[in-house]
There are 2 protein chains.
Amino acid sequence: MVTIKKIAELCGVSRGTVDRVLNGRGRVKPETAEAVMNMVKQLGYKPNPAGKALAARRHRPIVGVILNSEGNAFFDEIIRGIETAESRYQIYGMKLTMRRMKGYDVEAQLALIDELESIHVSGLIISPINDTRIAEAINALVDKGVFVVNVNNDVQNCRRQCYVGSDYTNGGETACALLQLLRGQTAKIGVVTGSRQAWGHELRLEGFQRRMEKVPGFSILATAVNKDDEIRSYEETKKMLEEHPDIDSLFIVAGGVYGACRAVVSLKKEKDLTIVAFDSTPTTVDMMKQGVLKTIIYQHPYQQGYRAMDLAFQYLVNDQKPERERYILKNEIKLLENL
Amino acid sequence: MVTIKKIAELCGVSRGTVDRVLNGRGRVKPETAEAVMNMVKQLGYKPNPAGKALAARRHRPIVGVILNSEGNAFFDEIIRGIETAESRYQIYGMKLTMRRMKGYDVEAQLALIDELESIHVSGLIISPINDTRIAEAINALVDKGVFVVNVNNDVQNCRRQCYVGSDYTNGGETACALLQLLRGQTAKIGVVTGSRQAWGHELRLEGFQRRMEKVPGFSILATAVNKDDEIRSYEETKKMLEEHPDIDSLFIVAGGVYGACRAVVSLKKEKDLTIVAFDSTPTTVDMMKQGVLKTIIYQHPYQQGYRAMDLAFQYLVNDQKPERERYILKNEIKLLENL
DNA sequence: TTGTAAGCGTTATCAT
DNA sequence: ATGATAACGCTTACAA
């Protein structure tokens, strides 16, 4: 097993010097540094995380979490994943501080980012709103050396180290393929969409429409916008269904599943409509139990949270950079039976 | 942060004494032990895995793996999961030794267990054959203090510490529910089953049949046995389909998916038959691309392997017992789009 | 029965 | 620019 000590001995220098070389702390003669690096490569030295973790206990890294999860049950599982990982890693000296907010209020999210910056977090896990100012704020943090993971949503032009979440385009494609499986070659589709400020929702719709090109008998008759609000979802869906009585399929792009389903039930259309929706929140599961929804698409929210924390741990405590920039969880299809 | 040192100081004893109490090494006066234990509970002491890992580097634990994976592509992903976890944990001093075998040869598996026992593995990850002698061999290892995880298959009357795998009964139920979703209320089903020596296969069929009770229009017309062999699967399926031309659905319980599908194609029945099968091995994915299979059920094989190693790591290196006895991965439904 | 001290690998501080 | 040393939390051989 190759350790710093061994490298030091073989190079005829001290452990301190090797450490300085390995971590680029400077104050080392270039030739010495080169000799050390050669030895490191030759022996394939890998730092021991246990040693690192132990030594790192002096300056306990603190990870900030910002989620627009208030009033959105989908995030409950993400939070559970984050907290599970935290309880596993806190013994290594990692601390967690969580901030929750509601909806897509850019100012509010910027304020939270500021707040965490002032606490000097060394890592940030955030479900960012898709807005240039957010991207800029994140970039500023990254430039200051903070390790940033975007979770569940990503932002354009953002230099975060990692994105952890689902492939939204693929989610839309999968939704369309599923609808085809359930209905055959024809469907008159009503779309219920959420917010433009979630990039993912746009991508999902794009994916759905792209996949539709393979099925000439599929057509979108109308679109309702619910802004992820259940009441609004109920009303807009109802209106859409009344105005377009020949709609036989519903594609619910994001939140507001319960409201949309209630609208379907209130019109007594639950037997005639094929509905494709996302995420197994309790109210959605309720609708599955009632048979209104036969199937949903699931994005491993628990895994998303756990993975995000794990990446922060590996980086901040073990000093291991993420292997990839994007960690994509699969879109899964769920029936009541395999929830 | 509460450490052994702090406990020792507060109790007015030495660190060595606390260590002896915590790890039940004896040679401690009962009253001292009690005082220490009280303090430990009061402060909620948790050992620091980094410290443990570091100190444990003298006696590197070795984990043995036995898989009947030869010629069964399903195990490839399990192995990838095991190896990924190993590469992450080897720096903590954990070593891995893998033995592969083919099929359900009890004697062969017993011999491999013996072999690993003679190497003095401290952990064993095994996909056990469902046989009493195997159960007994595993029990003997457990009694000797080996940490045993059954992966993918479980055995009756076996005292392994953990089972990691899917819920087979639920897999059968899900398969039936899926078939109902695809075909509506009636189906004339042909069953293609694998081996009686895999407990899981039995359970899946049970689950399928139980779920069938909810659908009066479903009936099983015939059953073919393929012993997980592709050639046999081809022949038996073909024979079954010829003898029962009114079969409109195929439930493939385990291996031999490719052979069964080839039989379907050779009879030009791929347009008429609805097939439900398990696992996304390359040949199965091929059949999905050809449109013979529209959908399969997936059991997170990579996760199974990773989780099994993780449990061994937590136990052997960090001295943390598993929280549960069974780690069940969900049965997922896959289309070509979300593979 | 209990305490002491060294060691696991890395990092930080201080001295040179 | 480099080295020596202590510290992180835990285990263990040895001393008392």
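Letters A, B, ... are given to chains in the order of the sequence lines, protein chains preceding strands, and every chain is numbered from 1. Keep in mind that what you see is a predicted model, and the values were worked out from it rather than measured.
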Categorize Asn48(B) for me: base, sugar-phosphate, or nothing, with a 4.0 angstrom heavy-atom threshold over every strand shown. sugar-phosphate
Let me know the distance between CD of Gln320(A) and C1' of dT10(C), rounded to the nearest Å. 14 Å
Polar contact flag, side-chain donor to acceptor under 3.5 angstrom, Ser127(B)-Asn68(B): yes
Length of the line joining Lys5(A):NZ and dT5(D):P, which is rounded to integer Å: 14 Å
Heteroatom pairs (N/O) under 3.5 angstrom, protein to nucleotides 14-16 of chain C:
none

Charged N to carboxylate O under 4.0 angstrom, Arg80(B) versus Glu77(B)? yes
Determine, for Arg133(A) against Glu107(A), whether the closest basic-nitrogen to carboxylate-oxygen distance falls under 4.0 angstrom. yes
Between atom CD1 in Ile4(B) and atom C1' in dG3(C), what is the gap in whole Å? 14 Å
Gap between atoms NZ and C1', on Lys29(B) and dG3(C) respectively (whole Å): 14 Å
In whole angstrom, give the distance that lies between atom CG of Leu22(A) and atom C1' of dA12(C). 15 Å
Please determine whether a side-chain nitrogen of the Lys or Arg among Glu325(B) and Arg160(B) lies less than 4.0 Å from a carboxylate oxygen of the Asp or Glu. yes
When you measure from the side-chain N and O atoms of Thr32(B) to the phosphate of dT2(C), is any distance below 4.0 Å, counting only OP1 and OP2? yes
Counting neighbours of CD on Glu9(B) that are heavy atoms of other residues, nucleotides or ligands and sit closer than 6.0 Å, is the number greater than 12? yes
Integer-rounded Å distance: dT11(D) P and Arg15(B) CZ: 12 Å
Does Ser14(A) have a side-chain nitrogen or oxygen under 4.0 Å from the phosphate oxygens OP1 or OP2 of dT2(D)? no
Think Thr17(A) has a side-chain N or O under 4.0 angstrom from the OP1 or OP2 of dG3(D)? yes
Under 3.5 Å, is there a donor-acceptor pair between the Asp154(B) and Tyr168(B) side chains? no
Report the distance from atom CZ of Arg25(A) to atom P of dT2(D), rounded to the nearest whole Å. 15 Å
Could you tell me whether Gly26(B) contacts a base, only the sugar-phosphate backbone, or nothing, with contacts defined as non-hydrogen atoms closer than 4.0 Å? nothing
Which atoms form the tightest heavy-atom contact between Val148(A) and Leu141(A), and what is the distance? CG2-CB, 4.4 Å
Closest to the Asp19(B) side chain: dG7(C), dT12(D), dT2(D)? dT12(D)
Please give, in whole Å, the distance from dA4(D) C1' to Glu9(A) CD? 14 Å
Looking at Lys52(A), does any N or O in its side chain come under 4.0 Å of the phosphate oxygens OP1/OP2 on dT11(C)? yes
Please tell me if Asn23(B) has a side-chain N or O lying less than 4.0 Å from either OP1 or OP2 of dT11(D). yes
